[in-house]
Asks: 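Below is the structure I would like to discuss, written out as structure tokens.
Here the structure is a predicted model, which means the values were calculated and not measured. Sequential numbering from 1 along the given sequence is applied to the chain's residues.
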Amino acid sequence: MTRTARVFALTLFAAFAATRVHRLYDTDLPWHLHNARQVLTHGALSNPETGAFSMGQRPFLSHEWLAELGLYALHHLGGFALLCWLPAAAALAAAWWLFRLARDAAPEADVSAWVFAPLVALAAAASRFQPRPHLTDLVGVPFALWLTRAYALESRPARATRLALALAVTQLLWAQMHSSFVLVLPLFLISLTQARWSPDARPRHLALTLALGLATLSNPLGLAAFGNIGAHVDSESTRRIVEMQPGSWATLDPARSDGALWAWAALGIVFAGATVGVRPRRDDLLRAALALALAASARRFLGLAVMLNVPWLVASVAGLQRGALWPWRLGAALLPLAAYHRFASATPMERMGVGLNPMILPTASTQAIARLGVTGNLWNDYADGGWLLWHLTPQLRILIDGRTPTYFDAEAYFLARRSAVDPAVFEALRARFDLRHALVSRDSPLCRTLRDDPAWAARYADAQRVYFVRADAAPGPRLDLFARCELRFAQLSEALPPRCDAARAELATLRALTPEAEHLTLFEAITRSACGRPEAATPLLRALCAESRTPALVTEAAWVALARGELALARRCADRSEGAHPDGNWHALRGALAAREGRHAEAVAHFDRALAEYRDGAPAGLRLDYAESLLALGRRDEALAQAWRAELLGSAPARRWRLRH
């Protein structure tokens, strides 16, 4: 391979790796760090539970201890900023080993074929490049594929012995990093179907098979690791995590997963290549069967499934490229990267950067609760559990976290989710575990339940969550205005004027707990706008729109600007937050902007999209805005229907509007 080819390949792989550097939002990383801290604190892999009260003192076995200690060490050295670079490093390593595998599998191909196959595989696995132990899969599978294939085809005894030793060491290390290490053994057995079974080689093959089996047993879970993978294959873990629903072939629906798009693309290329005379080898077919079983079991395995098919994929691409011109080959190499940016990358404000995403992780809430110095049992949402576990335990003990598939039983998970929507289940949990604290999402039914219960008081609120405490557990000022569950921030400008002194007091309380929290700038802008200093709110809103890297806050700033009649500022904010709100908020904002500017046909199109994304959760104000635009277009009956629905949601302005029209 020429130097130009190597530079070409590494440039594309580095470009792909760079897209993996973004602010952290993965909710599982913190509990992996917690596990590592427990191992270091107690000097053992199995330790009594100190974080989740629902598990009592049941011991937790850290079967991914080596990967977790590695993450802990990186965090100790450079914090979460350094961990942001880990997915990029893993993506680059995975790309390189896939490239070597592709080159060795089809040496007659040119460099574009060798680059194309790795990029398709990496695009399918893109969503899995998060700083977690499963990064060892995304690097380990390509390396194990290359290593097992090289071993099977090696005829020189000395080199074959070195490859065998490398494979055994790989299995031994991988066994301590992630339970998917059991894939090495089937990959090795598949590679033996193409091996040279000479009399001298047979003892070495058998010895290596035994060594890989013993390395498997070195994991703290031992043979149970096979059961862990089997649980994924039969969808047991998936059923526990996603509403108890089993996996199905719908996993391969491109509309439901970006990875599925690449899985189908790879499959299409393989079949297209077969039509021009690319005959699959026996090991290709066996790896394809293993990949199909993985892909059908859970969406998380789509990237691994495409990786397993790289040798067949690159041979097919090489077959299709015979006689083609170099520009076409270059295009084939660049296509996955270009399409990845279009279909699978994050929103513009989240694509690059380091640090934490505070709209996903409860960073401000955690800081506030820590400053309050409270102790006891805390109700929490499943997604927040890992972060709270890492930062607040053992002072506070949480309900549940992301260790669900291998630790919490199905009943505990079901009760945790059910208590968020069913007051009776929450009360049963409160009585059973003496719950004194709750950190809930603003849009959760539980937020409304606790707000209406005099036994609970809101002590802190940020852009997404409200912290409640039993009134007799932690005395302090009770929030009322900024802790409203249903009220959107833009509407606070209507609720604040009669209670400006209370609003200023609440803002001071929030600033004392989290002085640097970005959402307080929005709260202050609303307060100034509603309480006699509207001119002072404009610079705050401009700063949020221009500087904030948090899309939801930028969108809320746009709503405030719109309510103040600053349409140009609202439009700039909306442009910056485009695509960041799958719940319909951004389309509702765009619709309201278009309606205010008299573009009612465009407004209706956005309102239609917003209602489709909100489903039954569309707020009354959105429906009333929709009614205004429908009426302007002469669709009176539809407008009255939307106004009636808004009235049923308790909107007094909607009732007045309907009676007037």
Side-chain angles (χ1 to χ4, degrees), residues 27 30-42 47-60 358 361-404 407-408 412 415-416 419-420 425-441 444 446-447 449-451 453-462 464-479 483 506 509-517:
T27 56
W31 64 258
H32 284 297
L33 295 175
H34 168 79
N35 290 347
R37 182 172 59 191
Q38 291 291 91
V39 170
L40 291 174
T41 300
H42 300 284
N47 299 290
E49 178 63 38
T50 60
F53 62 79
S54 58
M55 288 292 101
Q57 290 296 308
R58 174 183 170 186
F60 176 74
L361 299 171
T363 54
S365 303
T366 307
Q367 181 184 350
I369 295 171
R371 283 176 179 257
L372 289 171
V374 294
T375 60
N377 291 341
L378 170 80
W379 186 98
N380 67 280
D381 183 73
Y382 170 80
D384 292 343
W387 184 262
L388 299 173
L389 186 73
W390 167 242
H391 283 279
L392 297 181
T393 58
Q395 290 78 18
L396 272 175
R397 302 189 72 194
I398 64 169
L399 170 62
I400 198 167
D401 58 70
R403 294 173 292 171
T404 299
Y407 188 49
F408 295 89
L415 290 175
S419 59
V425 176
F426 176 81
E427 182 58 28
L429 281 176
R430 188 203 65 78
R432 178 181 174 186
F433 294 110
D434 189 27
L435 285 173
R436 297 273 176 157
H437 314 271
L439 182 64
V440 302
S441 171
S444 167
L446 181 58
C447 183
T449 299
L450 297 183
R451 180 171 178 80
D453 188 339
W456 292 85
R459 292 283 188 260
Y460 183 78
D462 59 28
Q464 285 78 40
R465 299 166 184 86
V466 180
Y467 167 62
F468 290 96
V469 64
R470 296 285 291 183
D472 58 347
R478 182 179 189 134
L479 302 183
E506 287 191 16
T509 298
L510 294 173
R511 285 205 180 280
L513 292 173
T514 54
E516 304 300 325

Asks: With heavy-atom distances below 4.5 Å as the criterion, would you say the side chains of Thr50 and His34 are in contact?
Replies: yes
Asks: Supply the atom-to-atom distance Ser54 OG to Phe408 CZ, rounded to the nearest 0.5 angstrom.
Replies: 4.5 Å
Asks: Side-chain contact test, heavy atoms from C-beta onward, threshold under 4.5 Å: evaluate it for Arg470 versus Trp456 and give yes or no.
Replies: yes
Asks: Got Tyr407 and Glu49 here, is their nearest side-chain heavy-atom distance under 4.5 Å?
Replies: yes
Asks: If every non-hydrogen atom of Ala471 is compared with every non-hydrogen atom of Arg459, which pair is closest and at what distance?
Replies: O-NH2, 4.3 Å
Asks: Taking Arg465 first and then Asp384, would you say they form a salt bridge - that is, a charged N and a carboxylate O separated by under 4.0 Å?
Replies: yes
Asks: If you look at every heavy atom in Ser365 and Tyr460, which pair is closest and at what distance?
Replies: CA-CE2, 3.9 Å
Asks: Are side-chain heavy atoms of Leu399 and Phe53 found at a separation under 4.5 Å?
Replies: yes
Asks: Do Leu389 and Arg403 come close enough that some side-chain heavy atom pair is under 4.5 Å?
Replies: yes
Asks: Roughly how far, to the nearest 0.5 Å, is the CG atom of Leu378 from the CD atom of Gln395?
Replies: 12.5 Å
Asks: Considering all heavy atoms of both residues, which atom of Val469 and which atom of His437 are nearest to each other, and what is their separation?
Replies: CG2-ND1, 3.5 Å
Asks: Indicate the atoms forming the closest heavy-atom contact of Gln38 with Pro48, along with that distance.
Replies: NE2-O, 4.0 Å
Asks: State, to 0.1 Å, how close Gly386 and Asp401 come at their nearest heavy-atom pair, and which atoms those are.
Replies: N-CB, 3.8 Å
